[in-house]
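Notes follow once the structure below has been shown.
Residues take their numbers from the sequence shown, with the count starting at 1.
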Amino acid sequence: MSQMRNPLAMARGLGSSKSGLPHWRAQRVSALFLLLLIPWLVWSLLQLAGAGHAETAAFLAGPGNASLLILLLACLLYHAMLGLQVVIEDYIHHHGLSLLLLVALRMTTAAALVTAVVHLMKLVLGS
């Protein structure tokens, strides 16, 4: 059985893909959170159908709704980042480009989350 492994990988003690278990678990946990939060989002959107800016702001002004929306956005962006990371690692074979894209992905994800939270807080606080 050991003849099928790359000799360099055997010397380093690594398998074919190193350790992907933490990444796999993180994606499954974020998917589980999304499965719990998406019904809340659908319910919220149905409640706000036809509502104006004032009603929407009042709905989001509650700490529970604002917290759930922030948690939903964080889980959604994290889950998307994990999925795109796999695509980059699997299909971009140039190490420098892959590293650049992974850094850009993380920075873009963080910037999107910060932007969303800032705008939500501006809406909630009425600024």
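- Looking at Gln27, its side chain never comes within 3.5 Å of a backbone N or O of Trp24 through a donor-acceptor pair.
- For the pair Leu123 and His53, the minimum side-chain heavy-atom distance is below 4.5 Å.
- When each of Leu102, Leu105, Thr108 is tested with Met81 by the rule side-chain contact (heavy atoms from CB on, under 4.5 Å), just one qualifies, namely Leu105.
- By the rule that hydrophobic residues join a cluster once side-chain heavy atoms approach within less than 4.5 Å of another member, Val117 and Leu41 end up as members of one cluster.
- Applying the side-chain hydrogen bond (donor to acceptor under 3.5 Å, both in side chains) test to Ser30 and every residue at least two apart in sequence or in another chain returns His79.
- Under a hydrophobic clustering in which Ile, Leu, Val, Met, Phe, Trp and Tyr are joined whenever their side-chain heavy atoms come within less than 4.5 Å, directly or via other members, Tyr78 and Ile70 fall into different clusters.
- The cluster map of Ile, Leu, Val, Met, Phe, Trp and Tyr, joined by side-chain heavy atoms under 4.5 Å apart, puts Leu101 and Leu82 in the same cluster.
- Nearest heavy-atom pair across Glu55 and Leu48 is O-CD2, 4.2 Å.
- Tested against Leu113, the residues Leu76, Leu77, Val118 include a single side-chain contact (heavy atoms from CB on, under 4.5 Å) partner, Leu77.
- Linking ILVMFWY side-chain heavy atoms closer than 4.5 Å, directly or via other members, places Leu45 and Leu69 in a single hydrophobic cluster.
- The aromatic rings of Trp40 and Phe59 lie parallel to each other, their planes meeting at an angle below 30°, with 60° marking the opposite boundary.
- Pro63 and Ser67 get closest at one heavy-atom pair: O-OG, 2.6 Å.
- Every side-chain hydrogen bond (donor to acceptor under 3.5 Å, both in side chains) that Glu89 has, sequence neighbours left out, goes to Gln85.
- Val87 has its side chain out of reach of Ile92: every pair of non-hydrogen atoms, C-beta onward, lies at least 4.5 Å apart.
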